[in-house]
Every structure is written in C-alpha cells, then in structure tokens.
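Please read the structure below before turning to the comments.
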2 protein chains.
Amino acid sequence: MAHKTISDEVFLDKALDMFRSRGYEGVSLRQLSAASGLEKASLFYRYPGGKNEVVMAVVQRVIDWFEVNVFAPLREEGSPQKRVAIVAAKLRIFYHHGTRPCITDVLSIAGGSEELATTLRVALEAWLKAFTDVAKESGMPLALARSKAEEAIVRIEGSLVLARVLGNRAPFLNVIKLLPELLTSKGERLPRR
Amino acid sequence: MAHKTISDEVFLDKALDMFRSRGYEGVSLRQLSAASGLEKASLFYRYPGGKNEVVMAVVQRVIDWFEVNVFAPLREEGSPQKRVAIVAAKLRIFYHHGTRPCITDVLSIAGGSEELATTLRVALEAWLKAFTDVAKESGMPLALARSKAEEAIVRIEGSLVLARVLGNRAPFLNVIKLLPELLTSKGERLPRR
DNA sequence: GTCTATATTAAGATAGAC
DNA sequence: GTCTATCTTAATATAGAC
C-alpha cells in the first residue's frame with residue numbers, strides 16, 4: 001500500500017485530541033501529518049485553508065456533538081433533574097473523567113483566527129443558554145437561572161484547569177455530580193408549558 | 001543611542017503580559033525582542049536558557065507577587081473575613097478586573113518544559129493551601145475548608161475562562177465579591193491559636 | 001486523492017565584532 | 001552588555017508527478 005488514507009471522522013478525532021491538549025499554536029501540520037499518516041500536501045488537499053480550516057472542522061464537530069448529546073437531551077421530556085443527570089454523564093465522558101482539557105478554554109488563547117474566536121464565543125453562549133433554559137424550567141426565575149448556569153459552566157471550566165495543572169480530577173468529578181442540584185430548583189416544579 | 005536597554009522588571013512585566021495572553025508556544029523570541037527593543041542575542045545573554053529561562057523568570061516573578069500580595073496578607077492579624085477581602089481586592093487588580101487570563105491556566109497547556117509544569121503545580125498547591133488555612137481558621141473543619149478553597153480557585157479560574165471567551169467580566173467580578181463569604185464561615189469564630 | 005519535492009518564512013540558538 | 005550576521009531546524013504552503 002503506497003498510499004494511506006483515513007476517514008475524516010477518525011482524522012478529526014485525532015486532531016481534536018491534539019488541539020485540546022496542546023492548543024492552536026502547539027499543533028503543527030507536520031504533527032497532524034504524523035498522527036494521521038497523511039502527508040502534509042494531502043491535508044491541504046482535504047483542507048485547502050490549512051491549519052485554520054482543520055481547527056474549524058474540529059470545532060464544528062464538537063459543536064455537533066454538543067447539539068446531540070447536551071442541547072437536545074436538555075429539551076427532551078422528563079423532569080429537569082433527570083435530564084441534567086443524563087447530560088452530566090455525557091459531559092463526564094466528553095472530558096474523559098477530567099483528564100482532557102476543554103477545547104474552548106485551550107483554543108481561546110490568542111493565536112487562532114478571528115473566525116475561531118467568534119465560533120467559540122457563540123458555542124459557549126449556546127451552552128449557557130441551554131443550561132439557563134433547563135434551570136428556568138425547573139422553577140427558577142430567569143435571573144437566578146442564568147446565574148446558576150454561569151456558575152455551572154464556570155465550575156466545569158475551572159475544575160478542568162485544576163485537573164490539568166494539579167493532575168487531580170476530584171473537583172471536576174464533584175462538579176459533574178453536583179450538576180443536577182446546581183441547575184435545578186429543589187422546590188416545587190412548575191408544570192411544563 | 002545605538003544600544004538600547006531595559007530593566008529586568010520592565011522586561012518581565014511585558015513578557016508576563018505576552019505569555020498570559022498568547023501562551024508558551026504563542027510567544028516567540030522575535031516577539032519578545034520586538035516588545036522589549038532588545039535583539040534576540042541580547043535576550044540570550046540575559047537568559048542563556050532561552051525561552052524556557054524567560055518564562056521561568058516570569059513565573060517566579062508571579063510567585064513572588066503572590067507571596068507578598070496573597071499569602072502574606074492571609075497570615076496577618078485581623079479577622080479572616082477582613083484578610084480575605086483585602087486579598088480579593090489584590091486579585092481583582094492582578095487579573096486586571098477580569099481582562100487578563102490566569103498564567104497558570106494558559107502556561108499549563110502542553111508545550112513548555114517539565115520544569116515549568118512542576119513549578120505551576122507547586123504554585124497552585126500553595127495557593128490552595130493558603131485559602132484552606134484561612135478557611136480553617138475562620139472555624140471550618142479541615143475537609144470543608146479544603147473543599148471551599150478548591151471551589152474558590154475553581155471559580156476564579158473558570159470565570160477567567162468565561163471572561164476570555166465571552167468578553168464578559170461579570171462572573172469574575174462576582175466571584176471576587178463573594179470570596180470572603182465563600183472562604184470564611186459565618187458562624188462563631190475560633191480564637192486564633 | 002495521495003504522493004515527492006520544493007519554496008518561503010520564522011523559529012530557537014550561537015559566534016564574534018564593538 | 002548589546003549588536004550584526006549566520007546557522008539549523010521547523011513552520012505553512014504550493015507545484016506537479018502518479
């Protein structure tokens with residue numbers, strides 16, 4: 001086999017793992033080439049925009065994953081508590097139980113394109129809105145729901161930083177466990193509209 | 001003036017600002033040269049170990065700042081609440097009211113030396129210990145004090161990530177404001193030993 | 001659609017003049 | 001103690017063979 005190939009999905013998963021641990025500036029096309037088995041020229045054939053186009057495809061794949069595994073389940077039937085618990089389990093897996101950084105954190109460090117920064121901002125705002133909506137539905141007034149959603153994401157992001165620096169996953173696992181009680185009011189539940 | 005010069009303090013402050021916003025891989029010696037007005041060869045004269053030695057000097061300067069402005073004030077006389085409030089104000093300034101990232105977050109992204117990673121871990125553990133000690137002194141049992149200290153740092157780090165991605169400093173300013181009540185028990189105070 | 005080969009620019013780093 | 005000049009390697013990117 002003189003020529004090697006690799007599916008876009010497998011390639012982007014490898015690229016995701018590299019970008020989320022080393023950042024935009026920390027991943028070179030040579031490294032992407034070595035990890036995928038494809039020559040650099042082949043990467044340019046698939047992604048004519050070069051590294052920026054690769055990282056944008058990676059981020060879009062993450063956004064799609066969040067839509068399916070986080071945003072959609074939060075809109076399903078069932079009690080808000082139950083929906084949040086399901087999503088918490090998904091997030092635990094996405095972050096490999098705290099052993100993988102958040103790509104939004106790592107890629108938001110300057111170096112990437114304006115397009116990348118904007119996409120990350122929009123994606124994080126969507127996450128914030130999804131958490132706010134479920135908290136509101138559990139019975140909280142909007143301002144409180146928004147505040148709890150912020151606190152939840154702040155604590156997920158912050159605990160992943162601690163996990164990376166200290167090698168201690170406990171704070172992350174703790175936040176994931178607390179997520180249902182953090183995001184849903186324990187009082188009376190409002191009927192779903 | 002054919003030759004230019006710059007004090008170590010001013011140079012390291014410029015370097016700190018660059019490293020905390022762009023990360024280790026995102027700052028080149030050429031950029032450090034341009035920002036300081038010194039040629040690359042002059043930087044190697046001052047820091048023979050190259051970029052790693054520069055970043056280690058930057059980190060040591062931050063550690064020294066924390067010793068003077070965070071750790072020492074937390075050991076002073078006065079109520080724990082008051083001491084934490086003083087330190088909170090210092091931290092607000094260090095992070096430029098939420099407009100500058102945490103260097104521990106940014107530099108812990110892979111790319112730097114093992115020495116750098118170890119130094120960041122030790123520094124963050126010292127911060128955790130300082131917060132744990134003041135929380136314990138305010139009357140909490142050790143396990144609770146440690147948990148509150150973790151939560152405080154998690155929320156500082158996480159809110160700085162949100163500030164960077166969303167351009168919204170409110171969550172950071174909120175955590176800084178909450179710091180005294182987060183880290184000190186509101187009940188009876190134990191007498192200082 | 002992947003390859004080899006190459007172009008161009010920038011990276012980290014050093015030698016030696018002043 | 002800073003400079004100019006240079007070295008070596010690696011970065012992004014493209015041309016053209018297969």
Side-chain angles (χ1 to χ4, degrees), chain A residues 1-59 106-107 109-117, chain B residues 1-59 106-107 109-117:
Chain A
M1 53 162 192
H3 286 202
K4 204 184 166 183
T5 194
I6 183 175
S7 75
D8 277 351
E9 287 74 21
V10 172
F11 171 71
L12 290 176
D13 281 348
K14 283 182 193 288
L16 167 60
D17 221 47
M18 294 168 72
F19 278 117
R20 83 198 309 197
S21 16
R22 312 210 279 260
Y24 185 78
E25 305 263 15
V27 175
S28 69
L29 291 173
R30 152 180 294 218
Q31 289 170 334
L32 287 168
S33 164
S36 66
L38 290 178
E39 288 302 320
K40 282 186 287 175
S42 304
L43 294 180
F44 274 100
Y45 177 81
R46 292 195 183 197
Y47 305 95
K51 192 159 84 159
N52 180 59
E53 194 170 332
V54 173
V55 83
M56 289 302 299
V58 165
V59 168
V106 170
L107 288 184
I109 288 159
S113 63
E114 266 305 309
E115 185 190 14
L116 173 60
Chain B
M1 50 162 197
H3 287 203
K4 205 184 168 181
T5 194
I6 183 175
S7 75
D8 275 351
E9 287 72 22
V10 172
F11 171 71
L12 291 176
D13 280 348
K14 282 182 193 290
L16 167 61
D17 221 47
M18 294 168 74
F19 277 117
R20 84 200 307 200
S21 16
R22 295 184 234 157
Y24 184 79
E25 306 263 15
V27 175
S28 68
L29 291 173
R30 153 180 295 216
Q31 290 170 336
L32 288 168
S33 164
S36 66
L38 291 177
E39 288 302 320
K40 280 189 287 175
S42 304
L43 295 180
F44 274 99
Y45 177 81
R46 293 193 182 198
Y47 304 94
K51 192 161 81 160
N52 179 60
E53 194 169 331
V54 173
V55 84
M56 289 302 299
V58 165
V59 169
V106 170
L107 288 184
I109 287 158
S113 63
E114 267 305 310
E115 185 190 14
L116 173 60

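Just so it is clear, the values below take in all heavy atoms, side chains as well, and ignore hydrogens, waters and symmetry mates. The sequence lines fix the lettering, A, B, ..., with proteins before strands; numbering per chain opens at 1.
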Holding to side chain to side chain contact (heavy atoms under 4.5 Å, CB included), I want the full list of residues that pass it with [X], two or more places apart in sequence or in another chain.
X        : answer
B:Thr5   : B:Arg46
B:Gln31  : B:Met18, B:Arg22, B:Val27, B:Ser28
B:Ile109 : A:Val106, A:Ile109, A:Arg164
B:Ser36  : B:Ile6, B:Phe11, B:Leu38, B:Leu43

Please report, rounded to the nearest Å, how far the [atom2] atom of [N] is from the [atom1] atom of [X].
X       : N      : atom1 : atom2 : answer
B:Leu32 : C:dA11 : CG    : C1'   : 12 Å
A:Ile6  : C:dG1  : CD1   : P     : 15 Å
A:Arg30 : D:dT9  : CZ    : C1'   : 8 Å
A:Glu25 : D:dT12 : CD    : C1'   : 12 Å
B:Tyr45 : D:dC3  : OH    : C1'   : 13 Å
B:Glu39 : D:dT6  : CD    : P     : 15 Å
B:Gln31 : C:dG12 : CD    : C1'   : 13 Å
B:Glu53 : C:dG12 : CD    : C1'   : 14 Å

Could you check whether any side-chain heavy atom of B:Asp8 comes within less than 4.5 Å of a side-chain heavy atom of B:Tyr47, counting everything from C-beta outward?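 Counting from C-beta outward, B:Asp8 and B:Tyr47 do come under 4.5 Å.
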
Establish, with yes or no, whether the OP1 or OP2 oxygen of [N] is under 4.0 angstrom from a side-chain nitrogen or oxygen of [X].
X       : N      : value
A:Ser28 : D:dA10 : no
A:Thr5  : C:dG1  : no
B:Ser42 : D:dG1  : no

Considering only nitrogen or oxygen atoms on both sides, find all protein atoms under 3.5 Å from nucleotides 13-18 of chain D and state each distance.
none

Using the rule given for side-chain contact (heavy atoms from CB on, under 4.5 Å), can you reason through A:Lys51 versus A:Tyr24, listing the C-alpha separation, both sets of side-chain angles and the distance that settles it, and then say yes or no? CA-CA 9 Å; A:Lys51 192 159 84 159; A:Tyr24 185 78; 3.5 Å; yes

Proximity to the side chain of B:Leu38 - top-ranked nucleotide from D:dA11, C:dC3, D:dC3: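 Output: D:dC3.
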
Going by the rule side-chain hydrogen bond (donor to acceptor under 3.5 Å, both in side chains), which residues pair with B:Asn52 if we only count those two or more places apart in sequence or in a different chain?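 B:Asn52 satisfies side-chain hydrogen bond (donor to acceptor under 3.5 Å, both in side chains) with B:Ser113, B:Glu115 once adjacent residues are dropped.
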
